[in-house]
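Reckoned from all heavy atoms, side chains included, excluding hydrogens, waters and symmetry mates.
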Amino acid sequence: KRGSSSAGFDKYSLSLEAQDENKEDQAIAPLGMPSESDWVLSGRYTFDRALMRNPLIYQLSNETGEYAVRTRFVEVFLNTGGGNLSYAGDYFGVYALMEKIKRDKDRIDVAKISVGDTAEPEVGGGYLFKKDRLDPGDGGFSVNRMGTFGWVEPKEEDVAPAQETWLRNYLNEADSALYSSDWTNPTTGKHFTDYLDSFSWLRHHWLNTLAMNVDGFRLSGYYYKHRDPTNGGKI
């Protein structure tokens, strides 16, 4: 089962991991999407009666050139009790099959950072982190007025202290630039666009506002930072 409060719904979402006969990750390419092992079946139960608000916004995001997960609509049968599959007993309804957000050349294409990458330029990326409820056992890390973030890749247990310090300092610098008195004047000092890819952030803001997303800007938000000098190394 996938989700926080939604995991208790009658029609719950699911996380899927494709495995080979040795229970190792096995990449698959369902319904024409790029090959990977990790997938999500999103149920869209109480909050989206049309069942398509998320896929619609994801598609619009991709059409603007900003990555969002690819989706396909599917009908799900879930046989949890064994025996023959039946329409009456095992039909769970219409779901959105979605890519799971993770580092991959066809998903979030950032450099892989290892625990030994503690000096620049390697320590500058790539990071994948989130504004969301933390995973069980995680403590996350806090930034001045931005609040608490959770680690996605690398996982929190794999993050070197120097890496956490570097990313926190970078985000605190971005926070200071954004809240400075001359934040609208890019000719004086550090400007917030030195840290944030402004067009990416604008597109994200437009799409969340268009959808009237109740979780927008406070939950289920994923961020990534390239390693310098790729893409300027911005968030």
T148 versus S142, side-chain donor and acceptor atoms under 3.5 Å | yes
Do Y67 and E99 have side-chain N/O donor and acceptor atoms under 3.5 Å apart?
-> yes
S61 OG to N54 CG distance, which is reported to the nearest 0.5 Å | 11.5 Å
Between CZ on residue F129 and OH on residue Y223, distance to nearest 0.5 Å = 8.0 Å
Do the rings of F199 and W206 sit parallel, tilted or perpendicular, given the 30° and 60° boundaries?
-> perpendicular
For the student: nearest non-hydrogen atoms of R227 and P121, plus distance = CG-O, 3.4 Å
Cation-pi geometry met for R107 and W39 (6.0 Å, 45°) | yes
Is it true that the side chains of E66 and S200 contain a donor and an acceptor less than 3.5 Å apart?
-> yes
Identify whether the distance between the nearest side-chain nitrogen and carboxylate oxygen of D194 and K234 falls below 4.0 Å.
-> no
Residue pair T71, Q59: steps toward the side-chain contact (heavy atoms from CB on, under 4.5 Å) verdict | CA-CA 8 Å; T71 66; Q59 180 178 333; over 6 Å; no
For I235, which of Y224, W201, Y127 qualifies under side-chain contact (heavy atoms from CB on, under 4.5 Å)?
-> W201
N-O pairing of R218 and D215 below 4.0 Å = yes
Validate the cation-pi geometry between K131 and F217: distance from NZ or CZ to the six-membered ring centre under 6.0 Å, angle to the ring axis within 45°.
-> no
Test item: side-chain donor near acceptor, W166 and E120, under 3.5 Å | yes
Any luck finding a side-chain donor-acceptor pair between Q26 and E24 under 3.5 Å?
-> no
Stepwise, does the side-chain contact (heavy atoms from CB on, under 4.5 Å) test hold for I101 with I108?
-> CA-CA 7 Å; I101 296 175; I108 306 297; 4.2 Å; yes
Salt bridge K100-E17, side-chain N to carboxylate O under 4.0 Å = no
Can you run down the side chain to side chain donor-acceptor pair (under 3.5 Å) pairs that involve residues 78-87, sequence neighbours left out, and say none if there aren't any?
-> none
Taking the six-membered ring of Y95, is NZ or CZ of K11 closer than 6.0 Å to its centre and within 45° of its axis?
-> yes
How long is the gap from OG on S42 to CE on M98, to the nearest 0.5 Å?
-> 4.5 Å
Looking at side-chain heavy atoms only, is the closest gap between D109 and D104 below 4.5 Å?
-> no
Are the charged groups of D135 and K130 less than 4.0 angstrom apart, N to O?
-> yes
Which word best sums up how the rings of Y195 and Y170 line up, parallel for under 30°, tilted for 30 to 60°, or perpendicular for over 60°?
-> perpendicular
